[in-house]
Every structure is written in structure tokens, then in C-alpha cells.
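By convention here, the first residue in the shown sequence is residue 1. Note: hydrogens, waters and symmetry copies are ignored here, and every other heavy atom, side chains too, is used.
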Amino acid sequence: MYKTNNKKPPSCFLSISCTSEELPFWQSMDHLAPVVLYDVNPFAKEGVEISTKFHQTLFYPEFRIQRVWRIQNPILWLHYSLKKKQLSQELGGAGRYPEERQLFHGTFRDRLEPIIKQGFDWRIGKTHGKKLGNGIYFGRHAVGAHEFTDCGGDNKSTRWKTHIFYSKPLQFQSTNHLQASENGTAISDIWSLFKYHSHTDSHFMLAVRVLVGRYTMGKPSLLRPPQFDERDLSVRYDSCVDNVSAPQTFVIFDQYQAYPEYVIEYQHCINNRLRV
């Protein structure tokens with residue numbers, strides 16, 4: 001289960017009160033910037049945690065992380081926090097919280113900006129199919145999410161490039177393109193950041209906080225989770241899965257149950273030849 005870091009957060013410009021329990025530990029950001037991206041230090045705790053979890057199923061050196069960005073979107077985080085409170089109240093409140101996990105979501109380069117700015121939308125980008133329902137899909141492991149990434153805008157490409165790497169497992173590849181400053185990369189730069197200033201042969205994946213809550217088996221016809229209690233039509237499960245006893249894939253039907261927390265840029269190579 002994912003735990004929130006309770007270090008003191010930055011001052012909040014939202015119209016409601018924000019506390020350290022409601023916000024993760026973010027770096028200070030310009031209150032005029034609705035969204036800020038920060039380069040994650042690969043040797044800091046969060047950088048090591050993300051890299052380690054990624055490489056549990058996408059093994060180094062075949063898969064190599066280039067960079068990781070932390071997404072700081074106060075509006076999306078507010079929606080997520082309020083949803084968490086709602087689900088907590090449905091469980092009876094008094095310290096009872098819905099199950100929360102950090103999961104992976106593979107996506108295409110051109111869909112990163114809408115997700116970073118506005119969150120996930122199950123109505124568009126239906127590359128995951130509807131096997132477990134018409135919702136937003138997340139994988140427990142990075143290897144499953146990798147299947148839904150593209151490379152350079154062509155998700156069917158099988159081209160190869162000769163490319164020699166010198167990185168270590170926890171050391172992200174350095175780049176001279178659009179280095180984030182102390183104040184982060186503002187929303188106006190996000191489109192160009194991923195379109196022009198990241199590696200053209202990179203894949204992208206999101207590490208996401210997801211309120212999976214109470215889950216049950218999914219099925220293709222679902223537009224929302226099934227009823228939790230047949231005696232109460234208003235109470236439903238919070239998400240659906242592929243296997244109740246050992247879930248690998250989760251599906252949610254409410255976009256505010258997910259907060260995109262990190263963007264992972266990585267490359268796939270075999271025998272030092274880059275597969276794109």
C-alpha cells in the first residue's frame with residue numbers, strides 16, 4: 001500500500017485548506033503555474049524507489065530509464081484527495097481508508113500532456129480494450145504497462161538502431177535537452193518537452209496513485225463497478241480486476257480515483273542495439 005510522505009508541503013494557493021495529510025511532499029512551485037514537472041534525483045529516495053519497482057519486471061540492461069519527472073498538479077491532487085475522503089466515509093470513516101496502490105499505466109507520447117494537465121479519461125485512447133470493463137486500466141507491474149506504450153509515435157514499429165549505453169541500473173541517462181530549472185518545467189513547456197526535447201526513441205510510462213478500494217472481477221459489459229451489496233443499490237465496488245485473489249490489472253471508472261504522479265522515460269535495447 002502506498003504511504004503519503006508527511007513532510008511539510010508548500011503553501012497551497014487553492015481556495016480550501018490544505019494540510020500535510022492532503023498533499024505529498026512537493027517542491028515549491030509558482031502559484032501561477034497550474035502544473036509543474038520536476039526532474040527526480042535518481043539517487044534520492046523517490047528516484048531509487050521508482051527505478052527499483054520499474055526494474056522488477058522490466059529488467060536492466062534491456063530496459064533503461066532515461067529520466068523521471070514528478071508531476072505536481074494541485075487541482076488534480078485536490079480531486080484525488082476529496083475522492084479518497086469520500087471512499088473513506090463510505091467505509092465508515094474514523095481512520096478507515098480505501099486501499100491505495102502505486103500502479104503503472106503505459107501510454108503514447110502524444111497523450112502525456114492531456115493526462116498530466118487533466119488526468120485520465122476513459123472515453124478516449126481505448127488501446128487497452130474492454131476485457132474488464134469500459135474504464136481506465138492500470139498494471140501492477142511495469143511489464144504489463146509496457147505493452148501499451150509507443151516509440152516516437154509509432155506503436156507498431158520494429159526498427160532497430162545501433163546505440164551504445166554506459167548507464168548503471170539506478171542512474172538515469174543524462175540529456176542536454178531542456179533541463180528543468182530550480183523552478184521546474186512549467187505547463188507551457190510540457191508539449192515541447194515530450195515532442196521535441198526527449199529522446200525520439202523513448203517509451204513513456206506513468207507511475208500512478210490509484211484508489212483501488214474494494215474490487216471484484218471485471219467483465220466487458222461494465223460501464224461502472226458492480227453492486228457491492230444487493231440490498232443497497234447505492235453501494236458499489238470501487239474497481240475491477242483480472243483476478244480477485246492475485247490481481248495484476250486494475251480498472252477504475254472514476255478518473256478522480258487516480259493521480260498521475262511520475263512520468264518515466266525509458267528505452268528498450270537488446271545487446272546494446274536500441275529497439276524502437
Side-chain angles (χ1 to χ4, degrees), residues 1-10 20-21 23-29 35-73 76-77 80 99-107 112 115-116 138-146 149 163-185 190 193-194 197-199 201-212 248 250 258-269 272 274:
M1 187 176 296
Y2 200 94
K3 296 182 179 180
T4 301
N5 191 319
N6 289 323
K7 292 184 179 180
K8 185 178 179 181
S20 59
E21 287 73 35
L23 282 174
F25 178 58
W26 287 350
Q27 291 172 260
S28 60
M29 55 186 289
V35 182
V36 173
L37 296 182
Y38 280 96
D39 277 311
V40 172
N41 183 339
F43 303 107
K45 181 180 179 181
E46 65 178 339
V48 172
E49 287 179 348
I50 291 295
S51 178
T52 299
K53 189 169 184 179
F54 176 89
H55 286 301
Q56 284 177 349
T57 54
L58 291 180
F59 303 115
Y60 180 88
E62 182 177 346
F63 293 91
R64 310 189 186 196
I65 293 178
Q66 303 298 107
R67 297 175 78 181
V68 173
W69 291 272
R70 184 197 311 115
I71 302 168
Q72 297 189 184
N73 186 327
L76 279 186
W77 179 252
Y80 181 83
E99 183 175 348
E100 183 178 20
R101 297 196 182 205
Q102 186 181 63
L103 304 173
F104 293 102
H105 181 88
T107 191
L112 282 170
I115 292 174
I116 291 170
F138 302 94
R140 179 181 177 185
H141 299 295
V143 65
H146 173 69
T149 65
H163 197 106
I164 305 299
F165 293 87
Y166 302 96
S167 64
K168 298 179 181 179
L170 298 182
Q171 180 177 343
F172 307 151
Q173 293 283 352
S174 62
T175 175
N176 294 323
H177 297 305
L178 199 64
Q179 293 285 355
S181 67
E182 183 179 354
N183 294 322
T185 303
I190 290 178
L193 173 65
F194 296 119
H197 298 287
S198 57
H199 294 277
D201 44 28
S202 291
H203 296 260
F204 292 91
M205 188 179 298
L206 292 148
V208 187
R209 293 191 186 214
V210 183
L211 296 168
V212 299
Q248 302 297 313
F250 292 82
Y259 177 79
E261 192 167 20
Y262 297 97
V263 177
I264 303 170
E265 179 185 355
Y266 65 99
Q267 293 179 324
H268 181 196
C269 65
N272 283 329
L274 190 63

Practice task
Test I264 against I50 for side chain to side chain contact (heavy atoms under 4.5 Å, CB included), laying out the working first.
Solution key: CA-CA 9 Å; I264 303 170; I50 291 295; 3.8 Å; yes

Problem - Donor-acceptor under 3.5 Å (K53 side chain, A207 main chain) - result: no

Exercise for the section: With the side chain counted from C-beta on, respond yes when H55 and I65 share a heavy-atom pair under 4.5 Å apart, and no when they do not. Expected result: yes

Exercise for the section: Taking atom types as modelled, find out whether E100 and Y259 have a side-chain donor-acceptor pair closer than 3.5 angstrom. Expected result: no

Handout entry: Any I71 side-chain heavy atom under 4.5 Å of L206 side chain
Key = yes

Completion exercise
For R64 and C269, the nearest pair of non-hydrogen atoms, with its separation, is NE-SG, 3.5 Å

Problem - For E46 against V40, the heavy-atom pair lying closest together - result: CG-CG1, 3.5 Å

Exercise for the section: Starting at CH2 of W26, measure out to CD of E261 and round the result to the nearest 0.5 Å. Expected result: 8.5 Å

Problem - N/O donor-acceptor pair under 3.5 Å between N73 side chain and I116 backbone - result: yes

Problem - Separation between CD of Q66 and OH of Y266, rounded to the nearest 0.5 Å - result: 11.5 Å

Handout entry: Side chain to side chain, E49 and Q102, heavy atoms closer than 4.5 Å
Key = no

Handout entry: Flag side-chain contact, heavy atom, 4.5 Å: V210 against H105
Key = no

Handout entry: Non-hydrogen side-chain atoms of L76 and P260 separated by less than 4.5 Å
Key = yes

Exercise for the section: Evaluate the side-chain proximity of F63 to H146: yes if any heavy-atom separation is below 4.5 Å, no if none is. Expected result: yes

Practice task
Look at the side chain of T52 and the backbone N and O of V48, then say whether any donor-acceptor pair between them is shorter than 3.5 Å.
Solution key: yes

Handout entry: Contact check, side chains of L103 and F250, non-hydrogen atoms, under 4.5 Å
Key = yes

Exercise for the section: Determine whether the side chains of H203 and T149 contain a donor N or O and an acceptor N or O closer than 3.5 Å. Expected result: yes

Practice task
Give a yes or no answer on whether the side chain of S202 reaches the backbone of E265 with a donor-acceptor pair at less than 3.5 Å.
Solution key: no

Problem - Side-chain heavy atoms of V143 within contact of F104, under 4.5 Å - result: no

Handout entry: Shortest non-hydrogen separation from R101 to E99 and the atoms involved
Key = NE-OE2, 2.7 Å

